[in-house]
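Along the sequence shown, residues carry numbers from 1.
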Amino acid sequence: MMRFALPLMTAALAAVPIQAITVANPASDQMARLSVIARKGAMRKALLDSGMPCDHIEKVNIQGPWANTIMWRAKCGGDPRYDYAVFVGADASVQIRYCAEMADLKLPACRPFSNNPPAPIILGKVPASHQ
């Protein structure tokens, strides 16, 4: 009896459509709404509070959702060693990793910086065309 239950359950689960789940993240939304200068200041404070070296923030950009966080990217100064992935949790917790070690940690790669504003869906607002 058990021999047939597992394949049947597997087939039933495979038939269920997978839907994207967007988790609310007020901390990341608040960061995205800041002015560029305020966002750089907040990101630098998060880096320094985490013990990461950063003389000044050159660039900050949102990368997108990952697990139950929103991934941001921050580049400090001109030194490529100080290129960071910053994971912001909904509770305003922050975890920071060097972009150079993302593959070794099996985390998403840091993408190139973009001049585009954060997408509305990342900010928790789904445009009418996506509903």
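Gly89 and Ala27 get closest at one heavy-atom pair: O-CB, 3.5 Å. Taking each heavy atom of Cys54 and Leu48 in turn, the nearest pair found is O-CD2, 3.8 Å. Minimum heavy-atom separation, Ile96 to Ala46: CD1-O, 3.7 Å. Between Met102 and Pro108 the shortest heavy-atom distance is CE-O, 3.0 Å. Ala85 and Met71 get closest at one heavy-atom pair: CB-CE, 3.7 Å. Between Ala74 and Val86, the closest heavy-atom pair is CB-CG2, 4.4 Å.
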Worksheet item: Taking it one step at a time, do Trp72 and Asn61 satisfy side-chain contact (heavy atoms from CB on, under 4.5 Å)?
Response: CA-CA 6 Å; Trp72 286 77; Asn61 211 344; 5.8 Å; no

Item to complete: Could you walk me through whether Met43 and Tyr84 pass the side-chain contact (heavy atoms from CB on, under 4.5 Å) test, one step at a time?
Response: CA-CA 10 Å; Met43 190 62 71; Tyr84 300 105; over 6 Å; no

Item to complete: Could you give me the CA-CA distance, side-chain angles and deciding distance for Asn25 and Ile70, then say whether side-chain contact (heavy atoms from CB on, under 4.5 Å) is met?
Response: CA-CA 7 Å; Asn25 192 320; Ile70 300 293; 3.4 Å; yes

Worksheet item: How far apart are the C-alpha atoms of Lys75 and Phe113, what are their side-chain angles, what is the distance that settles it, and do they pass the side-chain contact (heavy atoms from CB on, under 4.5 Å) test?
Response: CA-CA 9 Å; Lys75 178 142 181 43; Phe113 284 96; 3.8 Å; yes

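No side-chain donor-acceptor contact under 3.5 Å links Gln63 to the backbone of Pro112. One N or O on the side chain of Arg39 and one on the backbone of Met31 form a donor-acceptor pair closer than 3.5 Å.
Going from atom CG of Asp83 over to atom SG of Cys99 covers 4.0 Å, rounded to the nearest 0.5 Å. Once rounded to the nearest 0.5 Å, the distance linking NZ of Lys40 with SG of Cys76 reads 10.5 Å. Here OH of Tyr82 is found 12.0 Å from CG of Leu47. Values are rounded to the nearest 0.5 Å. To the nearest 0.5 Å, the span separating CG on Leu34 from CG on Asp29 amounts to 11.0 Å.
Partners of Phe87 according to the ring pair (Phe, Tyr, Trp, His ring centres under 6.0 Å) rule, which considers only residues two or more places apart in sequence or in another chain, are Trp66.
Enclosure of atom CD1 in Ile37 is not indicated, since only 12 or fewer non-hydrogen atoms of other residues, nucleotides or ligands lie within 6.0 angstrom.
Side-chain heavy atoms closer than 4.5 Å link hydrophobic residues (I, L, V, M, F, W, Y) into clusters, and following such links, even through other members, never connects Leu107 to Met52.
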